[in-house]
Amino acid sequence: MEIIAVSRNNNIKDKMTQQEYESMELLRFTTAGSVDDGKSTLIGRLLYDSKSIFEDQYEQVKKTSERRGEEGVNLALLTDGLKSEREQGITIDVAYRYFSTPKRKFIIGDTPGHIQYTRNMVTGASTANVALVLIDARNGVVEQTRRHAIIASLLQIPHLVVCINKMDLVGYSEDVYETIKDEFSNWASKLDVKDVHFIPMSALVGDNVVEQSKNMAWYKGTTLLYYLENVHIGSDHNLIDVRFPVQYVIRPYNDEYHDYRGYSGRIAGGILKKGDKVTVLPSGFTSTISKINTYDGELEQAYAPMSVTVLLEDDIDISRGDMIVRENNQPENTQDVEIMVCWFHDKPLQPRGKYTVMHTTKEARCVVKEIQYKLDINSLHRNLEDKNIKMNDIARVTLRTTKPLFSDPYRRNRITGSLILIDEDTNETVGAGMII
Amino acid sequence: MNYQLNHLKELEAESIFILREVAAQFENPVLMFSGGKDSILMSYLASKAFFPANVPFPLLHVDTGHNFPETIEFRDNWVEKIGAKLIVGSVDKAIETGMVIEEKGVNASRNGLQTAVLLDELEKGKFDAALGGARRDEEKARAKERFFSHRDEFGQWDPKNQRPELWNLFNGKKHFGEHFRVFPISNWTEMDVWMYLAMENVELPNLYFAHERDVFERDGILLADTDYIQKKPDEIVMKKKVRCRTIGDMTCTGVWESEADTIEKIITEVSTTRVTERGGRADDKRSETSMEDRKMKGYF
């Protein structure tokens, strides 16, 4: 096809062919910051400088800025949310925002940074490839910085970018940047993060967000947008351990597909190939993949996170909640589950309490057998005495489930390693668990 | 071999996962179909999700009686093509029976009346999940919407009390009388939708393509000339080459001057345009929070 997409600034050099558009990747990142460290301004800057803002949106923000008597256009207003939030001057929930460049499409999980909103941060972080942690260069590493980084590491976000913001207010000082960088690095060495990156910036002025800063010649690294466009995310999915949780059984009940029995689902790990010998859990029966089917035709192989339909050579009784795996690479198969839980509800976690548990496509009931410790998310200290797990607390607990879960450690697979707890009376999601 | 999906394929895989999750978790789901590109995409993805079986839930269209005739014609063909069952909820009938009262005046719109008819149809059909084609990039109230959005027994949305949604675990549990709204294409942008529809060669209503039409201008927006809209004396009808960016009621859907008569030209136009697609929706312009207010009452 001809060249069909042009960037919003109408620059001929930015024209894209459909082929280029179709080779774009998807990157999800989450932002966390304290009140006033410039998170909204940073997102506004990314959206504005990447030309993702429409005129009517910009005009609305400009009008509001003028009405409030602010100098210039307040880009933070671009992320302004609901009426109920504006009334209270806070962000109450995760907001999702979108922009793209010719290389990638980005989904931002924009989470509020207040103390009481750990649950939102965990929610936004659960699907992210990259976490941005903002630091106000004037204040350095503060309690909230540590909390955000700990949550990013608990949620196993593969890449962490520490944005040292408001550099314009510290005279673009390299010393200030290096001091903060050292302080953070020393402290973060005890965290389980694989990849940490530092960028000095001013979101307000635009230094090192999309445009390289002219005020910090000493900084030889890339801009934030360049980093987001180029960070390697190809290995963020587990492509080693085959895990196919059966989601829905497709039976067409028509003449053409009379004996068709397809197991549909989204691949949670590994690469499935036609002809592979597989084992079905919990029955333990083995068979061979006869077909990997989609609307667009049969596939020779399929990999995480594709949604496909698998057909087997043998007629085995399989239903939702079962898992198709390789014989010589099987997940944990147990009713005793050790998790780190983040608690989401006003009503504290009940010792000996019973909850519904959702794990992959399986549902079971569970009882909280033991609360081992509460994690102080400012210091990583394990408090063995305090077992009162309230909203926004993180704790290590042991569950006993009514049915075995087919799981992997969360570190190894974020899909087969995660679960949620549901209150049996209110049906609300009250906790998120990461399997150890 | 490269084991990295492109972004459209990843969005497709996510939406198919959600659609199958709805079929698995709910007893009686329904797909809300407006005839616009988003609900066309959603129902197209549904036929992919359950292939080679038919889509296991019906399509529900709330007909305001003010639709473009082209929308109705397209709807009937499309439903036949994907082999789904169609349910039509009629605002005309609701007005006749006195269930709702028609707005009066030059800016009268049946947009608000749709909500009552929709909730009535959901109740009548005992539907426990209603699939909608809303996208988070459309509007700021929608940016905070969940994939699985819980509604109380009055069909209301409470933005302060949404269930957290983590990984790909979707909690569709509810009490008797409550239902869910589910938005499988939440993460798609306008551009993604067009690119995907072009890539997959999906059939679309003619209204999206530039065509000659009698129009007039009101509050900076071009509206189609129709008996459903009361014109003010100074509003003059002229013939222009236009197309719709969104499809809704004739009374509140703005049309745009455009030369884009193929999907490729539409994509070029969308990629260079500087105004949001809902910028032409009179219903969103009523106040800064009109979407948030309508959503709380059960609008989709």
Side-chain angles (χ1 to χ4, degrees), chain A residues 1-2 4-8 10 21-26 54-57 80-84 92-98 104-105 107 119 122-123 126-127 234 239 247-248 250-252 257 260 264 266 271 294-295 303 305-307 320 344 356 358 414-415 418-420 422 427-429 432, chain B residues 1-14 16-17 20-21 23-24 47-54 136-137 140-141 143-144 159-160 162-169 171 173-175 186-187 189 191-192 195 198-199 264 267-268 271-276 279 288-289 292-293:
Chain A
M1 201 186 280
E2 289 287 293
I4 44 179
V6 189
S7 79
R8 295 200 193 285
N10 244 327
Y21 194 84
E22 285 172 10
S23 63
M24 276 168 68
E25 294 166 342
L26 181 61
F54 292 101
E55 258 166 29
D56 50 337
Q57 290 171 315
D80 213 13
L82 307 175
K83 179 170 63 177
S84 23
I92 50 175
D93 213 324
V94 188
Y96 295 91
R97 311 188 190 282
Y98 304 81
R104 278 182 178 162
K105 169 190 165 110
I107 302 180
R119 74 173 230 177
V122 168
T123 303
S126 71
T127 51
L239 293 174
Q247 188 186 7
Y248 186 81
I250 293 178
R251 306 220 50 187
Y257 295 97
Y260 188 98
S264 67
R266 195 167 189 195
I271 301 162
T294 72
Y295 177 93
Y303 52 92
M306 289 166 75
S307 284
R320 176 174 164 89
F344 286 166
T356 299
M358 280 182 87
R414 288 165 91 187
I415 301 300
S418 55
L419 57 83
I420 55 172
I422 297 167
N427 291 328
E428 286 171 285
T429 302
Chain B
M1 166 131 185
N2 173 22
Y3 295 104
Q4 173 78 38
L5 291 179
N6 75 35
H7 78 293
L8 293 175
K9 282 289 173 192
E10 190 163 340
L11 290 171
E12 179 194 69
E14 177 180 83
I16 288 176
F17 179 84
R20 287 171 174 165
E21 205 59 18
S47 33
K48 283 199 167 192
F50 303 102
F51 173 84
N54 285 333
R136 287 173 179 155
D137 79 323
K140 61 192 167 202
K144 306 215 161 177
K160 285 187 199 167
Q162 300 197 77
R163 291 182 183 172
E165 225 161 56
L166 300 103
W167 300 292
N168 54 355
L169 295 167
N171 173 3
K173 294 195 170 295
K174 64 195 177 313
H175 289 116
S186 291
N187 276 334
T189 61
M191 189 64 171
D192 296 330
M195 274 293 179
M199 186 172 90
E264 290 75 26
I267 289 166
T268 308
S271 72
T272 50
T273 190
R274 303 289 294 131
V275 184
T276 57
E288 217 185 311
T289 57
E292 186 180 346
D293 296 339

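Letters A, B, ... are given to chains in the order of the sequence lines, protein chains preceding strands, and every chain is numbered from 1.
Summarising the geometry of A/Y295 relative to B/S47, their closest heavy-atom pair is CD1-O, 3.7 Å, with the distance given to 0.1 Å. Heavy atoms only, all atoms of each residue included: A/S126 and B/E165 are closest at OG-O, 4.4 Å. Looking at every heavy atom in both residues, B/K144 comes nearest to A/A95 through CE-CB, 3.4 Å.
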Task: Steps toward side-chain contact (heavy atoms from CB on, under 4.5 Å) verdict (B/N6, A/M24) - done: CA-CA 5 Å; B/N6 75 35; A/M24 276 168 68; 5.9 Å; no

- [ ] Would you sort out whether B/Y3 and A/I271 count as a side-chain contact (heavy atoms from CB on, under 4.5 Å), showing the intermediate values?
- [x] CA-CA 9 Å; B/Y3 295 104; A/I271 301 162; 3.6 Å; yes

- [ ] Give the intermediate values and the outcome of side-chain contact (heavy atoms from CB on, under 4.5 Å) for residues A/N427 and B/H175.
- [x] CA-CA 8 Å; A/N427 291 328; B/H175 289 116; 3.7 Å; yes

- [ ] Decide yes or no on side-chain contact (heavy atoms from CB on, under 4.5 Å) for B/D137 and A/R97, but give the supporting numbers first.
- [x] CA-CA 7 Å; B/D137 79 323; A/R97 311 188 190 282; over 6 Å; no

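Side-chain atoms of A/K105 and B/T189, non-hydrogen and from C-beta on, do get closer than 4.5 Å to each other. The side-chain heavy atoms of A/Y98 and B/D192, taken from C-beta on, include no pair separated by under 4.5 Å.
Considering only heavy-atom pairs separated by less than 4.5 Å from chain B, the leading option among A/R104, A/M306, A/R320, A/R251 is A/R320. Between chain B and the options A/E25, A/E428, A/R414, the largest number of non-hydrogen pairs under 4.5 Å is found for A/E25. Of the listed residues (A/T356, A/I422, A/I415, A/T127), the greatest number of heavy-atom pairs within a distance under 4.5 Å of chain B belongs to A/I422.
A donor-acceptor pair is defined here as one N or O able to donate and one able to accept, closer than 3.5 Å; such a pair exists between the side chain of A/S307 and the backbone of B/A13. Panel note: side chain B/N187, backbone A/I107; no donor-acceptor pair is recorded below 3.5 Å. The closest donor-acceptor contact from the side chain of A/Q247 to the backbone of B/F17 lies under 3.5 Å.
Proximity to chain A (any heavy atom under 4.5 Å) is shown, for B/R20, by both the backbone and the side chain. Only the side chain of A/L239 comes within contact range of chain B, with heavy atoms under 4.5 Å apart. Contact of B/E12 with chain A is made through the side chain alone, with heavy-atom distances under 4.5 Å. Contact of B/N54 with chain A is not made at all, since no heavy-atom distance falls under 4.5 Å.
Taking CD1 from A/I420 and CH2 from B/W167, the interatomic distance works out to 9.0 Å, rounded to the nearest 0.5 Å. Remark: B/L166 CG to A/T123 OG1 distance equals 4.0 Å, nearest 0.5 Å. To the nearest 0.5 Å, atoms OG (A/S418) and CG (B/N168) are separated by 7.0 Å.
Taking 4.0 Å as the cut-off between side-chain N and carboxylate O, A/R266 and B/E21 do not count as a salt-bridged pair.
Figure legend: cation-pi geometry between B/R136 and A/Y96, with NZ or CZ positioned under 6.0 Å from the six-membered ring centre and within 45° of its axis.
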